[in-house]
Participant: 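I have a structure I would like to understand better, so I am pasting it below and will then ask my questions one at a time.
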Amino acid sequence: MKKLFIYIVAIAIGVLASFPLVSGFALERAYEERIASMPKQPGIAIATESYDRGWFRSNAEVRVSLALDELLGDPEFADQPLELRILSDLHHGPLLFTELGPRLGLGYGNLSFSGASAEGLEQALASWLEAAPLTIRTIIYFDQSAQTELEVAAYEMDEGEDHVRFGGANLSLRSNSDLTRFDATMLVKASNLISTDIALDMAEASGSMSYEGSSPYTMVGESVFSIPKVAITGKSLSLVLESMNINSGNQINQGKMDYFQTIEVGRIESPLPITSAGWHLEFSGVSPQALEDWSEVSLRIQEQYQSGDLPADELGEPQLTPAMEAELEQVVKELFQPGLGFVQRLDVGALGEQHHADMSLAYKGLAGGIDFDDLDDPMQLLPAFAGAVNVELEEASIINSQFADMVMPFMQQGLLVPEQGKLVLRASLDDGMMMLNGSPVPLEALLQSALQEAPAAEANQHGEAEQSATQP
């Protein structure tokens with residue numbers, strides 16, 4: 001009986017001791033799959049340099065190569081690539097003792113960086129901030145999802161009359177196994193900056209995001225960021241913004257992408273009589289495939305231009321080959337499909353009242369079965385668009401303010417007209433006809449005149465340039 005008990009204990013210890021080794025194999029596979037699943041981005045190359053698996057822990061190194069000329073669009077950086085190495089110290093599961101508390105999972109690790117220089121990126125940052133401020137920790141769970149916690153420690157920097165007090169920041173990111181869903185929360189603690197010319201104070205700010213999709217061009221979701229208060233004070237400026245909210249996102253609607261962004265400021269203190277503001281923008285009906293094709297063609301043109309395969313024209317722009325021009329024309333056709341449009345709206349609280357302005361433009365498609373290749377007159381594009389502009393100002397607050405003299409000429413010209421206690425401007429475009437406050441506008445004649453004047457002005461500039469070049 002005693003021997004049986006010893007055998008059972010020995011087997012149990014052996015099984016328990018094997019758990020970290022088994023978890024190590026699964027952790028390595030999950031790690032490599034996550035690296036392979038990362039979206040491909042122009043100018044960014046990610047590759048695993050090494051993975052050393054032990055019994056209880058593993059060490060991994062990933063190389064991130066950044067082609068600055070592609071990322072910044074400047075060929076001057078072609079000879080200045082930047083390489084970062086991400087070093088991971090991973091502890092095997094199944095039982096993980098983390099700073100977040102005990103967890104069950106495949107592994108838990110600390111991430112650090114090194115750069116191409118002898119000191120390395122992390123040490124350079126530490127020297128600049130006088131402390132190692134960046135901490136990254138990651139947990140990989142049994143389902144191969146991951147949770148990453150990033151913390152930037154608070155720091156202070158004083159250089160002459162410039163003083164920075166950064167309160168620190170935290171980011172928590174959760175992603176699934178194939179990197180098709182991301183959920184994150186962010187916190188930036190109160191910070192301030194003081195210099196000889198300006199002082200900036202920002203209250204603690206927070207945000208969150210949630211996105212899902214298999215491609216950067218079809219990723220849907222929403223992000224929100226809120227800043228309770230920002231105060232900027234200078235020698236000739238005093239500005240306070242309160243209750244700031246920044247909201248953006250995108251969704252798929254009938255196979256097309258819709259994008260939106262909203263910025264709201266609940267309260268404003270400034271030299272101007274503006275007390276609040278809000279701005280909203282929407283793009284709708286955008287083809288994901290057209291966006292991907294546009295990105296691919298643009299990147300190829302950029303690469304060939306930077307390598308010298310494409311010459312530059314008189315304006316310094318790439319001189320495209322007929323094949324590339326045809327590709328770009330095809331992408332434009334893919335982008336300009338019926339339903340494409342945008343809307344923006346501006347709301348301003350000023351002079352004790354609310355004032356509004358909005359604009360919309362939509363592409364309806366070419367009429368009569370006309371194709372882009374058949375367009376021989378730019379005026380044929382006019383009926384393909386529909387749009388509107390509306391401005392509403394509270395009349396009494398404007399007329400009784402210091403802005404009355406600025407507004408009066410617009411009223412005299414009929415651009416702003418009284419309507420139920422408001423000063424309004426209403427313009428619309430439909431079927432090639434433009435209306436302004438109920439009256440037709442000869443838009444086609446105006447555009448024809450502008451098109452005729454443009455070549456003449458360009459020819460005059462070219463002639464002046466040639467003349468100045470021939471003068472001694």
Side-chain angles (χ1 to χ4, degrees), residues 37-42 175-176 178-184 207-225 245-264 278-302 324-347 357-375 378 380-390 427-432:
S37 299
M38 289 184 175
K40 304 297 185 295
Q41 298 290 338
S175 58
N176 63 357
D178 55 0
L179 300 180
T180 58
R181 181 176 178 87
F182 301 88
D183 298 278
S208 63
M209 58 162 258
S210 180
Y211 284 89
E212 186 174 4
S214 58
S215 162
Y217 305 100
T218 56
M219 193 75 70
V220 298
E222 187 174 356
S223 64
V224 179
F225 193 72
N245 293 295
I246 303 172
N247 187 16
S248 61
N250 39 295
Q251 62 182 4
I252 294 181
N253 185 9
Q254 297 181 351
K256 301 294 180 66
M257 297 297 296
D258 295 341
Y259 304 88
F260 75 89
Q261 183 171 35
T262 300
I263 300 176
E264 296 177 341
W279 175 75
H280 180 77
L281 174 68
E282 291 182 20
F283 281 96
S284 58
V286 182
S287 167
Q289 186 60 51
L291 285 178
E292 187 171 358
D293 293 344
W294 178 272
S295 176
E296 181 183 341
V297 174
S298 300
L299 178 61
R300 190 152 19 97
I301 292 173
Q302 183 180 353
M324 285 184 171
E325 289 183 349
E327 280 189 271
L328 280 178
E329 289 177 2
Q330 182 59 37
V331 172
V332 170
K333 291 180 185 178
E334 294 175 6
L335 280 171
F336 278 86
Q337 296 294 323
L340 179 68
F342 85 96
V343 175
Q344 63 176 339
R345 178 181 175 89
L346 178 66
D347 300 296
D358 63 77
M359 180 175 71
S360 63
L361 185 66
Y363 179 70
K364 302 189 301 180
L366 295 171
I370 300 175
D371 190 75
F372 275 97
D373 295 332
D374 301 327
L375 287 175
Q380 290 178 292
L381 280 171
L382 273 181
F385 291 90
V389 175
N390 295 287
S428 62
L429 172 67
D430 196 18
D431 293 330

Participant: Hey, what do you get for CG (N250) to CD (Q261), rounding to the nearest 0.5 Å?
Facilitator: 11.0 Å

Participant: Can S284 and Y259 be counted as having a side-chain donor-acceptor contact under 3.5 angstrom?
Facilitator: no

Participant: Indicate the atoms forming the closest heavy-atom contact of D183 with S210, along with that distance.
Facilitator: OD1-OG, 2.6 Å

Participant: With sequence neighbours left out, write down each residue that passes side chain to side chain donor-acceptor pair (under 3.5 Å) with E222, or none if nothing qualifies.
Facilitator: N247

Participant: Report the distance from atom CD1 of I263 to atom CD1 of I246, rounding to the nearest 0.5 Å.
Facilitator: 5.5 Å

Participant: If I compare all heavy atoms of P288 with all of G255, which pair ends up nearest, and what's the gap?
Facilitator: CD-O, 3.5 Å

Participant: Could you walk me through whether M257 and I252 pass the side chain to side chain contact (heavy atoms under 4.5 Å, CB included) test, one step at a time?
Facilitator: CA-CA 5 Å; M257 297 297 296; I252 294 181; 3.3 Å; yes

Participant: Heavy-atom count check: over 12 atoms from other residues, nucleotides or ligands less than 6.0 Å from E325 CD?
Facilitator: yes

Participant: Can you list the residues that meet the side chain to side chain donor-acceptor pair (under 3.5 Å) rule with Q289, with sequence neighbours excluded?
Facilitator: D293

Participant: So, using side chain to side chain donor-acceptor pair (under 3.5 Å) as the criterion, who are the partners of E212 when residues are at least two apart?
Facilitator: R181

Participant: Should N245 and T262 count as side-chain neighbours, where that means a heavy-atom distance under 4.5 Å?
Facilitator: no

Participant: Taking atom types as modelled and ignoring hydrogens, do the side chains of T180 and S214 form a donor-acceptor contact shorter than 3.5 angstrom?
Facilitator: no

Participant: Which pairs of donor and acceptor atoms, one on a side chain in residues 335-345, lie under 3.5 Å apart (sequence neighbours left out)?
Facilitator:
| unit_1 | atom_1 | unit_2 | atom_2 | d |
| --- | --- | --- | --- | --- |
| Q337 | NE2 | K333 | O | 2.6 |
| Q344 | OE1 | W279 | NE1 | 3.3 |
| R345 | NE | D347 | OD1 | 3.0 |
| R345 | NE | D347 | OD2 | 3.2 |
| R345 | NH2 | D347 | OD1 | 3.1 |
| R345 | NH2 | H356 | ND1 | 3.1 |

Participant: Mind checking whether V286 and D258 have side chains closer than 4.5 Å, heavy atoms only?
Facilitator: no

Participant: How many angstroms lie between CE in M209 and CZ in F182, if you round to the nearest 0.5 Å?
Facilitator: 7.0 Å

Participant: So, using side chain to side chain donor-acceptor pair (under 3.5 Å) as the criterion, who are the partners of K364 when residues are at least two apart?
Facilitator: D430, D431

Participant: Tell me, do F385 and L361 make a side-chain contact under 4.5 Å, heavy atoms counted?
Facilitator: yes

Participant: Might you point out which heavy atoms bring N176 and D178 nearest each other, and give the distance in Å?
Facilitator: ND2-OD1, 3.1 Å

Participant: Mark yes or no for whether N253, through its side chain, and K256, through its backbone, hold a donor-acceptor pair below 3.5 Å.
Facilitator: no

Participant: Test side chain to side chain contact (heavy atoms under 4.5 Å, CB included) on L328 and W294 and set out the steps.
Facilitator: CA-CA 8 Å; L328 280 178; W294 178 272; 4.1 Å; yes

Participant: CZ of F225 to OG of S248: how many Å apart, nearest 0.5 Å?
Facilitator: 11.5 Å

Participant: For A427, check side-chain contact (heavy atoms from CB on, under 4.5 Å) against everything at least two apart and list the hits.
Facilitator: V389, L425, M434, L436

Participant: To the nearest 0.5 angstrom, please state how far the OH atom of Y217 sits from the CD atom of E292.
Facilitator: 5.5 Å

